[in-house]
Amino acid sequence: MLQTVDGKFGYVVEFDEVPELPITFQKRREEPYAMALAAAISQGLLTEPGKYMIVITDEGKNYEIFTINEDGEESDGGGN
C-alpha cells in the first residue's frame, strides 16, 4: 500500500515468507516498487520475512528499502 511513514512516501509491504520471483503488480504505479522489491530479493538485501517500506528515489532510478519494526520505527535496509 502506498503511504507516508516518517515523512517518506513509498510502498509498504508485509509478508510471512520472502516472495518468489518474479514479483507481479496490478497497477502501473506499483511497477517501480515491484521492480525494486525484485532487485532487493535477487541481490540478497531482503532475506527475511517482515514489514518493509520501498522508497523510489532519483526519479525512479534508485530505491531505498526500510524495515518497519513493530514499534513503528524504521531502520535502513539498503537499496541501490
Exercise. Do Val12 and Tyr52 touch side chain to side chain, with heavy atoms closer than 4.5 Å?
Worked result: no
Problem set entry | Verify same cluster id: Leu46, Ile56 (apolar side-chain graph, 4.5 Å) | yes
Exercise. Could you state the interatomic distance from OH (Tyr63) to CG (Leu37), rounded to the nearest 0.5 Å?
Worked result: 9.0 Å
For this session: Looking only at non-hydrogen atoms, find the nearest pair between Thr4 and Phe9 and report the distance.
Result: OG1-CD1, 3.6 Å
Exercise. Hey, is Lys27 close enough to Glu30 for a salt bridge, meaning N to O under 4.0 Å?
Worked result: no
Seminar exercise, completed: Separation between OG1 (Thr24) and CD (Glu31), nearest 0.5 Å, reads 12.0 Å
Exercise. When clusters are formed by joining ILVMFWY residues with side-chain heavy atoms under 4.5 Å apart, either directly or through shared neighbours, do Phe25 and Val18 land in the same one?
Worked result: no
Exercise. Could you state the interatomic distance from CE (Met53) to CE (Met1), rounded to the nearest 0.5 Å?
Worked result: 11.0 Å
Exercise. Which atoms form the tightest heavy-atom contact between Phe15 and Pro49, and what is the distance?
Worked result: O-CB, 3.3 Å
Exercise. So, do Phe66 and Val5 sit near enough that their side-chain heavy atoms are less than 4.5 Å apart?
Worked result: no
Exercise. Which heavy atom in Leu21 sits nearest to a heavy atom in Ser42, and how many Å separate them?
Worked result: CD1-CB, 3.9 Å
Exercise. So, does Thr47 use its side chain to make a donor-acceptor pair with the main chain of Gly44 at under 3.5 Å?
Worked result: no
Seminar exercise, completed: In Ile54, Leu45, Val13, the residue satisfying side chain to side chain contact (heavy atoms under 4.5 Å, CB included) with Ile65 is Ile54
For this session: Would you give the length of the straight line joining atom CD1 of Ile23 to atom CE of Met35, rounded to the nearest 0.5 angstrom?
Result: 12.0 Å
Exercise. Within a reach of under 6.0 Å around CD of Gln3, are more than 12 heavy atoms found that belong to other residues, nucleotides or ligands?
Worked result: yes
